[in-house]
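Have a look at the structure below before the remarks.
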Amino acid sequence: MTDLSVQIGSLTLANPVIAASGCFGYGIEYADVVDLSLLGGVAVKGLFLAERQGHAPERIVETPAGMLNAIGLQGVGVHRFIKEQLPELRRRRAVVIVNICGSTLDEYVELARILSDTEGVAALELNISCPNIKEGGITFGCSLAGTFDVVSAVRKVTRLPVIPKLTPNVTDVASFARASEDAGADAVSLVNTFLAMAIDVETRRPSLSNIVGGLSGPAIRPIAVRMVYECRNAVKIPVIGMGGIASARDALEFMIAGATAVQVGTANFVDPFIWTKLLEGIRAYLTRHQMPRVSDLTGTLDTSTRD
Amino acid sequence: MPVDVEARVIANTRLSQDYNVIALAAPDIASASAPGQFVMVKLGRGLVPLLRRPFSVFEVLRADGRITGLTLLSKRVGVTTDMLFEAVEGDVVSCLGPLGRPFQLIDPPAEAWMVAGGVGLAPFATLTEALLDRGVAVTLMYGARSDRELFYLDWFEARGVRVMLATEDGTAGDRGRVILPLERELRATAAERDIMIYACGPEPMLEAVANMAAQYNRPSQVSVERVMGCGLGGCYSCVIPVRDDRGGQRYVRSCIGGPVFAGADIVWNP
């Protein structure tokens with residue numbers, strides 16, 4: 001029997017496959033097509049304290065092997081989430097990872113307090129990396145001191161696993177993983193999207209109303225794998241890897257590079273039934289390689305010199 | 001509940017240089033779909049294009065009393081529609097559906113006026129069948145650039161649909177936009193008659209139809225098309241501004257909140 005369970009701080013996930021925040025709504029949207037309890041976890045769409053409208057359309061544009069988005073974190077706010085979506089997620093036995101965003105450090109703390117007092121929240125993912133909003137968020141994620149401060153502040157008010165989600169839009173992502181670890185994070189997740197841009201040359205207008213957006217999809221995967229590898233070598237806490245995973249092979253690549261678990265985003269848009277395929281593929285790989293536990297795969301990259 | 005089907009291409013009929021009707025062996029989706037619903041389509045497993053594209057279900061195909069598949073009406077505007085145009089019998093198309101909120105049907109004595117612009121004809125074949133089954137009188141007002149881009153007129157006329165045309169070059173019906181016959185009919189119709197206006201086409205046309213319907217105190221239902229990432233409510237890309245009950249507006253995902261909206265609910269110039 002293959003053991004797919006993985007450990008993220010005090011949290012045991014039944015398997016390493018998590019739906020990525022921002023790519024899976026609040027999970028409820030997918031309950032008709034996916035048994036949410038089969039996923040290792042569901043990272044829900046980023047929540048602020050208050051409701052948010054998000055950016056005007058156009059919000060996405062397809063690019064080679066990927067897409068740009070500038071949604072602008074449209075969302076119902078934490079209070080409506082707790083009242084309207086969380087009960088249904090619990091009824092479906094989803095492992096709920098709540099992604100939180102703040103304009104200020106106090107807002108992160110307030111969100112963490114509220115969610116720590118709420119039944120049915122498994123972990124907090126700190127969105128300090130959304131490239132599409134001006135206020136807060138990435139301001140923390142692009143400064144080592146800001147990252148340290150926000151993680152420390154949240155750490156002080158919650159017992160839930162704290163997982164800062166890191167931006168790749170920095171020179172040395174590993175130093176941000178280290179700052180997170182030093183501040184008491186239980187894990188880090190990476191990468192969020194790459195700041196990018198596309199232009200309609202006929203009209204000479206930006207393809208997105210926000211002008212710039214975040215690039216995701218298979219196009220970014222090799223960069224994301226490299227960044228996960230660098231973070232794995234920099235910290236002892238688990239690394240949750242993501243960036244263009246579209247098959248079991250891709251998920252395994254991240255785990256070999258050093259990820260304890262993975263998140264899948266854009267590929268879910270293409271194939272909402274991907275989850276069982278990923279789990280079956282991972283299981284088949286472990287059987288083929290006679291590995292009883294998926295956790296044994298993490299960081300097994302062989303860099304030895306060949307004879 | 002939507003399903004994902006690897007649907008075989010049964011036939012692909014080119015209607016012009018850039019319009020085609022592609023028939024797919026997707027009986028499960030066809031059986032479950034209601035007029036106005038759509039499917040998300042992808043050809044092949046390649047990374048370009050990466051995302052699926054939305055298409056209204058055009059026709060539900062039947063043979064020997066059984067539902068055998070569905071067709072899509074497609075106009076070449078990009079990579080996926082090029083691939084749909086070039087597809088041949090036996091090719092496989094990933095087809096996810098049915099998705100979205102369908103048109104609300106009406107009953108006699110109410111009458112249905114369907115206003116179509118270009119490829120916006122797509123949802124009106126299945127709507128016609130559903131309305132005729134209920135005994136509703138159906139009118140189609142159909143606009144295109146020229147008579148060479150008006151399709152399936154025989155299909156609608158054979159079913160007793162009253163057809164009015166408009167072309168921008170004047171080669172069929174009114175010269176100009178489809179709003180011309182709509183306004184003429186609205187002006188000529190007694191207020192006591194119960195009319196539901198259904199519209200699908202480019203957004204400026206939908207705006208004009210919704211505004212004109214409101215001006216004549218007629219209800220309208222419009223099917224919008226926005227850039228859509230997933231079709232299931234996951235990505236929040238296909239939003240359209242809709243009036244809320246506090247006098248403001250909010251962005252509603254057209255994949256799950258639509259694609260059919262009451263024309264009066266949409267904020268056309270946010």
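Numbered from 1 within each chain, the chains take letters A, B, ... in sequence-line order. All values derive from a computational prediction rather than experimental measurement.
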Q. Would you say B:Glu129 has more than 12 foreign heavy atoms packed within less than 6.0 Å of its CD?
A. yes
Q) So how far is it from A:Leu68 CG to B:Ser237 OG, rounded to the nearest 0.5 Å? A) 12.5 Å
Q | Presence of salt bridge, B:Arg52 and A:Glu62, under 4.0 angstrom | A | no
(Q) Is B:Val3 in contact with chain A via its backbone, its side chain, both, or neither, using a 4.5 Å heavy-atom distance? (A) backbone
Q: Return the minimal non-hydrogen interatomic distance between A:Phe269 and B:Cys230, and the atom names on each side.
A: CD2-CB, 3.5 Å
Q.
Within a 6.0 Å radius of atom CZ on B:Arg243, are there more than 12 heavy atoms belonging to other residues, nucleotides or ligands?
A. yes
Q) Sub-3.5 Å donor-acceptor pair from the side chain of A:Arg59 to the main-chain atoms of B:Cys238, do we have one? A) no
Q | Heavy-atom contact with chain B under 4.5 Å, split by part of A:Ala19 | A | neither
(Q) So which atom in A:Val270 and which in B:Leu50 form the shortest heavy-atom distance, rounded to 0.1 Å? (A) CG2-O, 3.3 Å
Q | Beyond-backbone contact of B:Val227 with A:Val61, side-chain heavy atoms, under 4.5 angstrom | A | no
Q: Between chain A and each of B:Gly231, B:Gly233, B:Ser94, count heavy-atom pairs under 4.5 Å; write down the option with the most.
A: B:Gly233
Q: For atom CZ of B:Arg76, decide whether the heavy atoms of other residues, nucleotides or ligands shown that lie under 6.0 angstrom number more than 12.
A: yes
(Q) Between A:Ala219, A:Gly54, A:Ala65, who has the most heavy-atom pairs with chain B when the cutoff is under 4.5 Å? (A) A:Ala65
Q | B:Arg14, CZ: over 12 other non-hydrogen atoms inside 6.0 angstrom | A | yes
Q | Whether over 12 other heavy atoms sit under 6.0 Å from B:Gln17 CD | A | no
(Q) Suppose we screen for salt bridge (Lys or Arg N to Asp or Glu O under 4.0 Å). Which residues come up paired with A:Arg226, at least two apart in sequence or across chains? (A) A:Glu230
**Q.** Interface residues of residues 37-49 of chain B facing chain A - non-hydrogen atoms under 4.5 Å apart
**A.** B:Lys42, B:Leu47, B:Val48, B:Pro49
Q: Could you go through the side-chain contact (heavy atoms from CB on, under 4.5 Å) check for A:Glu58 and B:Arg226 one step at a time?
A: CA-CA 9 Å; A:Glu58 304 288 337; B:Arg226 291 255 159 156; 5.9 Å; no
Q) What residues of residues 23-30 of chain A sit under 4.5 Å from chain B when you count only heavy atoms? A) A:Cys23, A:Phe24, A:Gly25, A:Tyr26, A:Glu29, A:Tyr30
Q: First locate atom CG of B:Leu51, then atom CD1 of A:Ile60, and finally report the distance between them rounded to the nearest 0.5 Å.
A: 5.5 Å
Q: Check whether B:Leu96 gets within reach of chain A through its side chain, its backbone, both or neither, counting any heavy atom under 4.5 Å.
A: side chain
Q) Listed by chain and number, what are the side chain to side chain donor-acceptor pair (under 3.5 Å) partners of A:Glu125, not counting sequence neighbours? A) A:Asn99, A:Ser189, A:Gln263
Q: Take atom CZ of A:Arg249 as the centre, draw a 6.0 Å sphere, and report whether it contains more than 12 heavy atoms from other residues, nucleotides or ligands.
A: yes
Q: For A:Ala56 and B:Tyr251, work out which heavy atoms get closest and say how close.
A: CA-OH, 3.2 Å
Q) Quick one: does A:Gln74's side chain get under 4.5 Å of B:Arg250's, heavy atoms only? A) no
**Q.** Side chains of B:Cys235 and A:Ile71 in contact at under 4.5 Å (non-hydrogen atoms)
**A.** no
Q. How about A:Arg92: does its CZ atom have over 12 heavy atoms from other parts shown lying under 6.0 Å from it?
A. yes
